Amino acid sequence: MPELPEVETVRRGLAPALVGATIARVELRRHDLRFPFPERFAARLQGRRLLDLRRRAKYLIADLDDGDSLIMHLGMSGSFRIDDETPGAFHRKRDKNAAHDHVVLHLGHGKRVVYNDPRRFGYMLLIATNKIDEDKLFRGLGVEPLSDALDAAFLAGAFRGRAAPVKALLLDQRLVAGLGNIYVCEALHRAHVSPLRAAGSLVTAGGRPTAALARLPLAIKDVLKDALKAGGSSLRDHRQIDGSLGYFQHSFRVYDREGAACPTPGCKGRIARAVQSGRSTFHCSACQK
DNA sequence: ACACTATCCTGCAGGC
DNA sequence: TGCCTGCAGGATAGTG
């Protein structure tokens, strides 16, 4: 599911229920997700009040009132929902997906927050709030794509001399943190840059951004902002916290549209699928150069 | 340093 | 109906 727009949508949905609430009780339905839960994980959360819910890259960060922060990553298929604490709500046997409800945070105010993750690529851990930046999960992260730090000069510096395809570098969280397969494909199409192109070819000999590269930061920001407005993209798992679907998938120009006519005005091309580093790339070879 | 693969796990779609 | 294969929004460890 979750790239930056989906994670941010989840954050905005969870924050009203979580921030200021106290975790009355924690249910762990299993001992691990992608990694084992930390020692005494439930005990360390219980009784804690949540001071803030932030996002960095694709991580959610809930600051607790004891100096620790709960770090949550949704992996490929993680999602949260908010349920009422009514006894009946648990007995939804028809919903086989309930087998993947792995963590339940019972809040003191009649609601519970449930983490569901069929593939279990997600994870949760606890890090001291003032040590997050130096933690190995965070210290190597690149710039936030919606921040001013992502501009053509930054990308020129990152791409210069690199033979890897531009798509691979945009997916690298150490350079730009928060993009994933969908939004990289979409941003490259909007910028009319081929995902197959060597990243270094977007930089002049003097280290300046080419005209093509200069279009990329705005294309990235635009697609992320458009997706945020739509509540993210719902392919299979992602929902907004209130249960409604994100709808940006209806606005995809290339992702999962192999064979469709290219939506670029005046372009006669068709969307092609390629495989790069084992993952699908969707692009139009007519208008992406 | 860099580029690329294999891998974790489950669900689903498509082919037969 | 079912079995098989391949693919999926992420990120890392390991390889050459």
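The shown structure was predicted, so the numbers you read here are calculated from the model rather than taken from an experiment. We name chains A, B, ... by the order of the sequence lines, and we start the count at 1 in each one.
- Between the CG atom of A:L74 and the P atom of B:dC9 there is a distance of 19 Å, rounded to whole Å.
- The distance from atom CG of A:D256 to atom C1' of C:dA8 is 10 Å, rounded to the nearest whole Å.
- Between the side chains of A:T22 and A:R49, not a single donor N or O lies within less than 3.5 Å of an accepting N or O.
- For A:L137, counting side-chain heavy atoms from C-beta on, the closest listed nucleotide (C:dC7, C:dG10, C:dT12) is C:dT12.
- For A:R34 and A:K136, each mapped to the nucleotide of DNA chain C holding its nearest heavy atom, the one lying further toward the 5' end belongs to A:R34.
- Applying the ring pair (Phe, Tyr, Trp, His ring centres under 6.0 Å) test to every pair with at least one member in residues 125-165 of chain A, sequence neighbours left out, gives these pairs: A:Y59-A:F138.
- A:R279 has a side-chain polar atom (N or O) that falls below the 4.0 Å cut-off from OP1 or OP2 of C:dG10.
- The nearest whole Å value for the distance from the CG atom in A:D172 to the P atom in C:dA13 is 13 Å.
- Taking atom CG of residue A:N97 and atom C1' of nucleotide B:dG11, one finds them 10 Å apart after rounding to whole Å.
- Pairs passing the ring pair (Phe, Tyr, Trp, His ring centres under 6.0 Å) check and including a residue from residues 258-289 of chain A, sequence neighbours excluded, read A:Y255-A:F282.
- Between A:R119 and the phosphate of C:dA8, there is no side-chain N or O to OP1/OP2 separation shorter than 4.0 Å.
- Residues A:S194 and A:K289 have side chains that never bring a donor and an acceptor to within less than 3.5 angstrom of each other.
- Residue A:H100 holds its NE2 atom at 12.5 Å from CZ of A:R29, rounded to the nearest 0.5 Å.
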Where do N or O atoms of nucleotides 2-4 of chain B meet protein N or O atoms at under 3.5 Å, pair by pair?
residue: B:dA3; atom: OP1; partner: A:A163; partner atom: N; Å: 2.9
residue: B:dA3; atom: OP1; partner: A:A164; partner atom: N; Å: 2.9
residue: B:dA3; atom: OP2; partner: A:R162; partner atom: NE; Å: 3.0
residue: B:dA3; atom: OP2; partner: A:R162; partner atom: NH2; Å: 2.7

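- For DNA chain C, none of the residues of residues 215-224 of chain A falls under the heavy-atom distance limit of 4.0 Å.
- Looking at heavy-atom distances under 4.0 Å, A:Y255 makes contact with sugar-phosphate atoms alone, never a base.
- Distance CZ (A:R174) to C1' (C:dA13): 12 Å, rounded to an integer number of Å.
- Rounded to whole Å, atom P of C:dC7 lies 13 Å from atom CE of A:M76.
- The hydrophobic clustering, which links ILVMFWY residues whose side-chain heavy atoms are closer than 4.5 Å, places A:L146 and A:V184 together.
- At least one side-chain heavy atom of A:L126 sits less than 4.5 Å from a side-chain heavy atom of A:L64.
- The CG atom of A:L107 sits 7.5 Å away from the CG atom of A:L50 when rounded to the nearest 0.5 Å.
- In DNA chain B, stems built from 3 or more consecutive Watson-Crick or G-U wobble pairs, each with both distances under 3.5 Å, span B:2-8 with C:10-16, B:10-16 with C:2-8.
- Stacking of the aromatic ring of A:F121 onto the base of C:dG10 is found: the ring centres lie under 5.5 Å apart and the planes are inclined by under 30°.
- There is a side-chain donor-acceptor pair under 3.5 Å between A:H106 and A:E85.
- Residue A:H100 places at least one side-chain N or O under 4.0 Å from the OP1 or OP2 atom of B:dG11.
- Here B:dC9 presents its P atom at 12 Å from NE2 of A:H102, a figure rounded to the nearest Å.
- The side chain of A:K58 has C:dG10 as its nearest neighbour among C:dA8, C:dG10, B:dC9.
- For residues 198-225 of chain A, no pair satisfies ring pair (Phe, Tyr, Trp, His ring centres under 6.0 Å), with sequence neighbours left out.
- A distance of 7.5 Å separates CD in A:E3 from CG in A:L179, rounded to the nearest 0.5 Å.
- The CZ atom of A:F35 sits 12 Å away from the P atom of B:dC9 (whole-angstrom rounding).
- Counting heavy atoms from C-beta outward, A:T210 and A:V203 have side chains that stay 4.5 Å or more apart.
- Neither side chain, A:Q240 nor A:T9, offers a donor N or O lying under 3.5 Å from an acceptor on the other.
- Remark: A:H73 is in phosphate contact with C:dA11, judged by side-chain N or O atoms under 4.0 Å from OP1 or OP2.
- Going from the P atom of B:dC9 to that of C:dC3 covers 22 Å, rounded to whole Å.
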